[in-house]
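Here's the structure, in structure tokens; my notes come after.
Since the structure is predicted, the reported quantities are computational estimates derived from the model, not experimental observations. For ligands, and for the atoms within them, numbers begin at 1 and follow the listed sequence.
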Amino acid sequence: MAEENKEHEYSADSIQVLEGLEAVRKRPAMYIGDIGEKGLHHLVYEVVDNSIDEALAGYCSHVEVTINEDNSITVRDNGRGIPVDWHAKENKSALEVVMTVLHAGGKFDKSSYKVSGGLHGVGVSCVNALSTKCVVTVRRDGKVFQQTYEKGKPVTKVEEIGTSEDTGTEVSFWPDGSIFMTTIYQFYVLENRLRELAYLNKGVSLQLTDKRALDAEGNPKTVNFYSQEGLKEFATYLDGTRSSLIEDVIYIDTEKNGIPVEIALKYNTEYSENVHTYVNNINTIEGGTHLEGFRRGLTRTLKKYADEQGILEKQKIEISGDDFREGLTAIVSVKVMEPLFEGQTKTKLGNSEVSSAVDQATSEMLKYYLEEHPKQAKVIVDKVVLAARARIAARKARDVQRKTAMTGGGLPGKLADCSDRNPEKCELFLVEGDSAGGSAKQGRDRHFQAILPLRGKILNVEKAMFHRIFESDEINNIMKALGITIGTDEDSKAVNVEKIRYHKIIIMCDADVDGSHIETLVMTLFFRYMKEVIEKGYLYVACPPLYLVKSKSKKNEQRYCWTEEQRIAAIEEYAAGKDVDKAVTVQRYKGLGEMNPEQLWETTMCPDNRTLRQVTIENSAAADAAIAMLMGDDVPPRRQFIEENAKFANIDA
Ligand code: 0RA
């Protein structure tokens with residue numbers, strides 16, 4: 001075993017191959033990231049990644065994922081099937097080696113781009129280790145083989161159970177409830193990932209079936225994903241609810257210096273930059289060398305074109321890199337043999353050779369497009385000039401803000417700051433309305449909790465040009481309170497979070513439609529202009545209770561409830577068979593203002609009792625498309641979304 005470990009030289013320092021699967025069960029988070037919802041879904045990706053590897057190697061065209069009635073998962077592909085022949089060194093079948101030895105999946109074939117060696121890339125054996133039961137069925141060499149495991153240990157031999165003309169692998173697993181915080185799968189999470197995989201791997205069809213959800217005819221919910229044109233279609237999908245600046249998707253699928261590079265880009269009439277990058281199908285949220293190469297190639301090529309056309313000279317305007325990316329939706333996907341993942345969440349590509357490969361591909365793609373499409377080229381350059389003007393206007397607006405900030409001591413007047421100055425300990429509550437803000441000020445622990453009341457709906461930045469955000473009092477107050485600046489080097493939109501004054505920023509709104517709207521507006525502001533704050537894990541949403549159930553007979557018996565289930569349970573307990581209307585009173589909290597300062601502290605602000613929902617970005621492309629749909633101008637998709645999801649929301653109109 002030790003020798004094999006050396007051979008592979010896995011760069012992920014957190015992974016130790018020497019121990020058996022017992023180590024995975026002892027420290028699961030080390031292998032799959034976490035034991036929450038994210039880790040649970042990761043189990044599915046781990047198996048699907050192996051199927052995608054078969055597809056990339058040219059042996060597999062179809063992958064089916066099924067969420068079974070009991071929240072177990074079945075992944076089936078039509079690849080070669082895991083080998084079942086005898087593995088002399090390990091003295092067991094190859095199938096058993098793949099399923100019970102960490103990383104064994106990779107050692108058969110080192111010459112291809114392995115998706116499954118990626119982010120956590122720990123192999124199907126990890127999935128096996130973290131499941132109470134796992135059944136693998138292999139179709140290969142005209143036969144059907146099967147082996148069953150429990151908590152990673154084989155409980156049967158590899159049995160021949162039939163004959164088949166087909167080939168492929170089918171893995172069913174039951175995630176271990178004693179390890180995971182939840183074992184309930186979310187359809188939309190798997191749906192987003194499989195859709196993404198279909199676009200990233202053109203020609204491979206993926207199917208997702210949910211046997212927990214039957215339609216009127218008793219058929220399970222099923223969606224199919226297949227993309228003939230890959231990222232070209234991905235760009236169109238991502239901009240589906242935005243209005244296009246030019247209809248074309250600019251696209252290249254090539255290889256530079258031995259590195260496969262696929263790029264698609266599209267311009268829309270809006271203001272944000274949405275560049276999604278992938279390495280071996282992994283979403284590199286923190287960017288890296290491929291993103292740098294893309295930006296450099298884009299800026300240089302567009303600038304050169306505009307210069308040659310004499311456009312910039314005529315306009316007398318200095319263009320910066322950001323101007324070329326306003327209203328840009330782009331996807332960059334590269335395949336790298338030995339990827340180096342860096343950064344806080346190990347989603348930043350470090351391989352320096354990738355930068356010039358992507359730069360070259362970007363520049364080749366754009367040069368060709370601009371030469372062939374002069375009309376569209378002019379529309380793009382005009383948009384860039386407009387962006388530059390907005391940026392210059394923003395600089396002026398920002399300067400005005402800075403001057404007033406200097407006279408006013410720097411912090412907004414409405415901020416009730418905390419006394420501690422250590423950002424790691426400090427919290428800022430962004431509270432809907434002055435009256436709830438007042439209660440929060442009285443109820444808080446002033447040592448580490450600061451309050452900033454927000455008046456009404458803040459600006460929807462999704463629909464506003466850059467400079468408008470500096471003209472908005474509410475947004476300026478938020479940024480001043482946080483100690484964050486946007487556009488630090490005067491000519492970009494780069495955000496400087498180094499001096500952030502609080503490591504918890506908590507959005508606290510009423511549990512009604514307006515409150516949810518304000519919550520979404522604030523999240524949109526952070527997502528579009530201060531994404532780093534979310535990436536660092538600083539943004540949260542408070543969860544005020546929805547009900548207070550009181551016993552009428554016992555004076556001090558009362559319980560706050562956050563869900564329908566809790567409300568029903570509390571009523572049943574207090575009524576204990578008696579008439580509900582005589583026995584209990586139920587107060588429905590619609591607004592924070594209905595709670596007095598003590599109640600607000602006790603239920604929503606006190607770190608010992610409260611529940612906070614952390615805002616995270618699991619899938620950058622899906623988050624981008626969702627925000628564009630929720631906050632943009634295209635109404636029908638939003639109406640459909642609201643209708644489909646209204647049943648999940650706990651809000652009264
Ligand atoms: C080891 C070696 C080979 C394929 C696989 C594992 C494999 C694993 C999984 C997991 C899900 N689907 C899978 N498909 C294949 C190479 C097989 C060969 O050389 O014939």
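Near Glu54, with a cut-off below 4.0 Å to any heavy atom, the atoms of ligand 1 are 4 (C), 14 (N), 15 (C). Listed by number with element, the atoms of ligand 1 under 4.0 angstrom from any heavy atom of Pro83 are 1 (C), 2 (C), 3 (C), 17 (C). Close approach of ligand 1 to Arg140 (heavy-atom distance below 4.0 Å) involves ligand atoms 17 (C), 18 (C), 20 (O).
Contact annotation for Glu170 and ligand 1: no heavy atom of the residue comes within less than 4.0 Å of the ligand. Of all the heavy atoms of Cys60, none lies under 4.0 Å from any atom of ligand 1, so neither backbone nor side chain is involved.
Distances shorter than 4.0 angstrom do not occur between any heavy atom of Gly79 and any atom of ligand 1. A heavy-atom separation below 4.0 Å is not found between Val171 and ligand 1.
A salt bridge links Arg325 with Glu273; the closest basic N to acidic carboxylate O contact falls under 4.0 Å. Electrostatic pairing of Glu191 and Arg195 counts as a salt bridge here, judged by a charged N lying under 4.0 Å from a carboxylate O. Between Lys256 and Glu364 there is a salt bridge, with a side-chain nitrogen of the basic residue lying less than 4.0 Å from a carboxylate oxygen of the acidic one. Contact check on Arg212 versus Asp210 returns a salt bridge, with a Lys/Arg side-chain nitrogen under 4.0 Å from an Asp/Glu carboxylate oxygen. The residues Glu270 and Arg242 are annotated as salt-bridged, a charged nitrogen and a carboxylate oxygen being separated by less than 4.0 angstrom.
At a 3.5 angstrom cut-off on N or O pairs, Asp77 counts as close to ligand 1. Looking at ligand 1, you won't find any N or O of Asn50 less than 3.5 Å from one of its N or O atoms.
Because its NZ or CZ atom is not both nearer than 6.0 Å to the ring centre of Tyr149 and within 45° of the ring axis, Lys133 does not count as a cation-pi partner of that residue. Cation-pi contact between Lys232 and Phe234: absent, since separation from the ring centre below 6.0 Å together with deviation from the ring axis within 45° is not met.
The residue among Val47, Ile82, Val48 with a heavy atom at the shortest distance from atom 7 (C) of ligand 1 is Ile82.
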